[in-house]
Amino acid sequence: MKIRIDRDLCIGAGTCVVLAPDTFDLDDELKAVIRSPELVEGKPGFKGKDSGADIIAAARSCPVLAIFLEDKEGKQIYP
């Protein structure tokens, strides 16, 4: 799963961090960032605790739809 965050849209609500804390964090500007690529399920060397379902739930929780998800083939699966 590929994750992209539109930082122009992000308002730092933090629900993504609550639902998928191994995948998302807030930076110094209180904008969402991906913690580390190896923490995303499906990436080589995966060692995070967040499941694909957790990441999808986190994306769906974003009040401004700033988190975009794509499958392995690059097809957008959310939003």
Side-chain angles (χ1 to χ4, degrees):
M1 179 182 313
K2 182 178 177 184
I3 304 168
R4 183 175 61 83
I5 300 169
D6 186 327
R7 291 178 53 84
D8 292 330
L9 290 176
C10 181
I11 61 171
T15 55
C16 58
V17 177
V18 171
L19 294 172
D22 273 357
T23 303
F24 298 100
D25 203 354
L26 296 180
D27 66 9
D28 293 339
E29 297 176 18
L30 297 179
K31 301 274 186 165
V33 293
I34 300 167
R35 290 188 60 154
S36 184
E38 67 271 5
L39 296 177
V40 178
E41 185 177 50
K43 294 281 185 175
F46 171 69
K47 57 187 172 196
K49 296 177 184 169
D50 300 331
S51 68
D54 293 333
I55 295 168
I56 292 169
R60 288 182 174 161
S61 76
C62 179
V64 294
L65 303 176
I67 301 171
F68 295 81
L69 305 176
E70 295 177 357
D71 65 15
K72 292 178 185 178
E73 289 79 39
K75 181 181 176 188
Q76 189 168 314
I77 56 176
Y78 189 82

If I take atom CE from residue Met1 and atom OG1 from residue Thr23, how far apart are they, to the nearest 0.5 angstrom? 9.0 Å
So, does Glu70 use its side chain to make a donor-acceptor pair with the main chain of Glu73 at under 3.5 Å? no
Count I, L, V, M, F, W, Y as connected when their side-chain heavy atoms are under 4.5 Å apart, and connections chain through other members. Are Phe68 and Ile5 then in the same cluster? no
Where do Leu26 and Val33 land on the side chain to side chain contact (heavy atoms under 4.5 Å, CB included) test, with the steps shown first? CA-CA 6 Å; Leu26 296 180; Val33 293; over 6 Å; no
Are the side chain of Thr15 and the backbone N or O of Ser61 linked by a donor-acceptor pair below 3.5 Å? yes
The reported gap from SG in Cys10 to CZ in Phe24 (rounded to nearest 0.5 angstrom) is 10.0 Å
What one should report as the nearest heavy-atom pair of Lys49 and Asp22 is N-OD2, 2.7 Å
What's the separation between atom NZ in Lys2 and atom CD1 in Ile77, rounded to the nearest 0.5 Å? 12.5 Å
Are Ile67 and Leu9 co-members of a hydrophobic cluster defined by side-chain heavy atoms under 4.5 Å apart? no
CG (Leu30) and CD1 (Ile11) are apart, to the nearest 0.5 Å, by 11.5 Å
Compare every heavy atom of Glu29 with every heavy atom of Arg7, then report the nearest pair and how far apart it is. NH2-OE1, 3.2 Å
Going by an N to O cut-off under 4.0 Å, is there a salt bridge joining Asp50 and Arg35? no
Working to the nearest 0.5 Å, report the span between CG of Asp71 and NZ of Lys75. 7.0 Å
With rounding to the nearest 0.5 Å, note down the distance linking CG in Leu65 to CZ in Arg60. 11.5 Å
Over all heavy atoms of both residues, which pair between Ile34 and Ile3 is shortest? Give the atoms and the distance, please. CD1-O, 3.3 Å
